[in-house]
Amino acid sequence: MENDLAKTAYLATLRHLSHVAPTIAKQIALELQTQRSHLKLIASENYSSLTVQLAMGNLLTDKYCEGYPHHRFYAGCEQVDAIEEEAATLAKELFGADHAYVQPHSGADANLVALWAILTERIQTPFMEKLGRKNPDQLNSEEFETLRQTLCNQTLLGLSLGSGGHLTHGFRQNFSAKMMRAVHYDVDPTSHRLDYGKIAEIARKERPLILLAGYSAYPRHIDFAKMREIADEVGATFMVDMAHFAGLVAGKAFQGVNNPVSYAHVLTTTTHKTLRGPRGGMVLCNKEFRDSVNKGCPMVLGGPLPHVIASKAIAFREALTPEFERYAAQVVANARTLAEELIKEGVSLITGGTDNHLVLIDLSKTPLTGRMVETILVEAGITSNRNMIPFDPEGAWYTSGIRLGTPALTTLGMGSDEMREVARIIAKVIRNCKPESAKSRARATIEPKIMKEARSRVQALLDRYPLYPEIDLEEVACG
Ligand code: PLP
């Protein structure tokens with residue numbers, strides 16, 4: 001019944017759009033067709049439920065609500081207050097966190113809020129107290145300049161981009177390396193795993209204000225107890241960016257020292273990757289940082305998106321179900337099977353396997369770049385993304401790696417048998433791929449017969465696991 005209603009509403013929206021904005025409706029329909037004709041192995045993407053998507057299409061988008069529940073800079077926010085409080089309550093229950101701030105528009109925004117809140121609590125507040133002032137408006141220009149420079153000189157210690165960290169973890173071209181002094185730890189050059197002894201050594205030398213853990217492309221568990229110990233030893237605030245694996249924490253696939261919630265002072269996440277919600281971000285924190293985090297908007301963020309917050313509440317409710325726990329366990333099991341089969345087929349993997357939802361193929365001993373393989377795989381009907389491997393000689397544009405993830409295919413219902421088939425298709429494509437010329441780092445060729453076979457095997461899988469089968473494009477008349 002619920003599904004029938006969602007389908008009717010979804011189709012009605014598309015039908016309406018096809019009348020009033022046919023060009024937009026056409027692109028939406030084409031996007032659905034494209035997604036239906038490819039196996040999605042992009043580790044950071046997923047398929048949200050129709051309900052999650054429908055919750056965003058309403059008048060909440062019109063509402064301004066800077067501030068936080070019951071403390072707004074605009075009138076008429078009673079309903080938005082209720083929605084935001086419900087989303088935050090569900091998030092706290094889902095993760096067992098003290099406080100949840102559900103406004104960030106994205107993962108990068110969540111990181112900005114978190115870094116700013118830690119700087120505020122740990123540096124700005126004591127600075128103001130020492131001078132006997134309440135806020136920076138009361139400082140003269142010399143005092144304000146001292147505060148500004150003191151904030152900028154604080155050290156952020158995070159995983160380097162090349163070792164699988166994110167741009168917002170202190171990459172030099174990103175704001176995070178300009179608002180703070182950013183230093184990095186790498187994975188071990190041989191095992192490609194985190195080396196906690198080495199991280200501790202760097203932390204002792206650099207004395208960071210913030211020790212940041214989390215990744216976009218690291219296929220192994222993190223021992224958050226060990227990381228917290230290092231942070232405590234050097235007096236750092238321990239921040240975890242769980243953008244990639246929040247769904248695995250919510251679904252209890254990550255437990256004990258692999259669940260960061262009780263170890264971190266501040267956690268950030270996206271809501272759209274393994275968590276399977278709408279595109280957005282969130283900050284979780286303990287009481288120490290709550291007040292500053294709540295001031296994220298308007299101090300750091302633009303006006304909240306209440307329609308997206310409503311959708312986050314729906315996604316958190318979905319993630320609180322036993323079905324989601326089964327999903328999270330299957331995501332991890334599928335990644336393991338995918339990794340094992342790729343290795344069996346002769347494909348080399350960074351760290352030789354995975355503990356989470358992602359696998360990082362190492363092409364450095366082949367004549368291929370990540371760029372070549374990414375392009376050829378799309379032709380075969382598989383979307384993935386090229387990714388740097390640790391200490392990558394090919395750099396960030398061409399790369400020597402391919403990152404694969406299982407969250408989306410698991411949402412479609414695929415299991416171990418399908419993962420083995422996916423691995424065999426990918427391995428065969430890679431084995432038969434050749435650089436187009438000695439000079440090319442971007443283009444590769446493959447025999448048409450092999451490509452045809454890969455494409456038809458991909459199609460056979462797609463036919464068995466259709467995306468949004470309830471949406472019939474013919475019916476919408478916008479295809
Ligand atoms: N943090 C990590 C670890 C990520 O992998 C990403 C995105 O891929 C982000 C933050 C940024 O998320 P968003 O694209 O929503 O800003």
Side-chain angles (χ1 to χ4, degrees), residues 2 5-6 8-17 19-21 24-25 27-28 46 48-95 97 99-114 116-117 120 243 246 268-273 275-285 289-320:
E2 230 168 272
L5 280 178
T8 307
Y10 208 88
L11 285 171
T13 303
L14 289 177
R15 217 174 281 136
H16 173 63
L17 282 181
H19 286 121
V20 297
I24 298 290
Q27 293 309 320
I28 296 172
N46 211 326
S48 54
S49 69
L50 295 189
T51 312
V52 159
Q53 294 179 33
L54 283 166
M56 287 183 277
N58 55 63
L59 82 173
L60 291 171
T61 191
D62 299 332
K63 193 73 198 100
Y64 244 115
C65 51
E66 286 177 348
Y68 51 88
H70 310 294
H71 186 89
R72 304 283 186 185
F73 292 87
Y74 284 80
C77 293
E78 293 75 17
Q79 287 72 30
V80 172
D81 280 355
I83 289 169
E84 186 170 339
E85 279 182 326
E86 182 169 338
T89 303
L90 289 166
K92 285 193 288 180
E93 185 185 343
L94 187 59
F95 291 100
H99 182 65
Y101 181 66
V102 294
Q103 289 187 19
H105 313 321
S106 69
D109 285 8
N111 283 343
L112 187 50
V113 170
W116 177 84
T120 302
T268 58
T269 184
T270 55
T271 47
H272 49 269
K273 301 185 202 283
L275 200 46
R276 216 163 60 179
R279 183 159 293 272
M282 174 165 68
V283 181
L284 303 174
C285 63
F289 295 99
R290 183 188 53 202
D291 293 347
S292 289
V293 163
N294 276 347
K295 290 185 185 133
C297 169
M299 294 307 161
V300 180
L301 300 175
L305 309 174
H307 55 308
V308 181
I309 294 174
S311 180
K312 287 174 186 172
I314 307 280
F316 299 153
R317 210 176 272 291
E318 288 178 357
L320 278 161

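It should be emphasised that the depicted structure is a prediction, and the values quoted were computed from it without experimental measurement.
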Participant: Look at the side chain of Gln103 and the backbone N and O of Gly67, then say whether any donor-acceptor pair between them is shorter than 3.5 Å.
Facilitator: yes
Participant: Mind running side chain to side chain contact (heavy atoms under 4.5 Å, CB included) on Cys297 and Phe73 for me, showing each step along the way?
Facilitator: CA-CA 10 Å; Cys297 169; Phe73 292 87; over 6 Å; no
Participant: Could you grab the distance from atom CG of Asn294 to atom SG of Cys285, nearest 0.5 Å is fine?
Facilitator: 7.5 Å
Participant: Do you know which two heavy atoms are closest between Pro306 and Cys65, and how far apart they sit?
Facilitator: CG-SG, 3.9 Å
Participant: Is there any side-chain hydrogen bond (donor to acceptor under 3.5 Å, both in side chains) pair reaching into residues 305-315, and which pairs are they, with sequence neighbours excluded?
Facilitator: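 Residue pairs passing side-chain hydrogen bond (donor to acceptor under 3.5 Å, both in side chains), neighbours aside: none found.
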Participant: Looking at every non-hydrogen atom in both residues, tell me the closest pair between Val283 and Pro104 and how far apart they are.
Facilitator: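 Smallest interatomic distance, heavy atoms only, reads CG2-CG, 4.1 Å.
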Participant: Run the side chain to side chain contact (heavy atoms under 4.5 Å, CB included) test on Met56 and Arg279 for me, step by step, so that the C-alpha distance in whole Å, both residues' side-chain angles and the decisive distance to 0.1 Å come before the verdict.
Facilitator: CA-CA 10 Å; Met56 287 183 277; Arg279 183 159 293 272; over 6 Å; no
Participant: First locate atom OG1 of Thr8, then atom CG of Leu50, and finally report the distance between them rounded to the nearest 0.5 Å.
Facilitator: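 Between atom OG1 of Thr8 and atom CG of Leu50 there are 10.5 Å.
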Participant: Which value, rounded to the nearest 0.5 Å, describes the distance between Leu14 atom CG and His16 atom NE2?
Facilitator: 11.0 Å
Participant: So, for Asn46 and His272, which heavy atoms are closest and what is the spacing to 0.1 Å?
Facilitator: CB-O, 4.0 Å
Participant: When you measure from the side chain of Thr268 to the backbone of Asn111, do you find a donor-acceptor pair of N or O atoms at a distance under 3.5 Å?
Facilitator: no
Participant: Between CG of Leu60 and CD1 of Ile309, what distance do you get to the nearest 0.5 Å?
Facilitator: 9.5 Å
Participant: One pair to check against side chain to side chain contact (heavy atoms under 4.5 Å, CB included): Trp116 and Lys295. What are the steps and the verdict?
Facilitator: CA-CA 10 Å; Trp116 177 84; Lys295 290 185 185 133; 4.1 Å; yes
Participant: In Å and rounded to the nearest 0.5 Å, what is the CE to CG distance from Met282 to Leu275?
Facilitator: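 Atom-to-atom, Met282:CE and Leu275:CG are 6.0 Å apart.
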Participant: Keeping to residues at least two apart or across chains, list the salt bridge (Lys or Arg N to Asp or Glu O under 4.0 Å) pairs with something in residues 73-82.
Facilitator: Arg72-Asp81
Participant: Between the side chain of Thr270 and the main-chain N/O of Ala243, is any donor-acceptor distance below 3.5 Å?
Facilitator: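 Flag set: sc Thr270 to bb Ala243 pair under 3.5 Å.
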Participant: Check whether any side-chain N or O of Ser48 sits under 3.5 Å from a backbone N or O of Pro278 as a donor-acceptor pair, and report yes or no.
Facilitator: no
Participant: Using a 6.0 Å cut-off, check whether atom NE2 of His19 has over 12 heavy atoms from anything other than its own residue.
Facilitator: no
Participant: What I want to check is whether the side chains of Tyr68 and Glu84 have a donor and an acceptor closer together than 3.5 Å.
Facilitator: no
Participant: Apply side chain to side chain contact (heavy atoms under 4.5 Å, CB included) to the pair Val102 and Phe316, showing each step before the final yes or no.
Facilitator: CA-CA 11 Å; Val102 294; Phe316 299 153; 4.1 Å; yes
Participant: Indicate the atoms forming the closest heavy-atom contact of Thr269 with Ala246, along with that distance.
Facilitator: OG1-CB, 3.1 Å
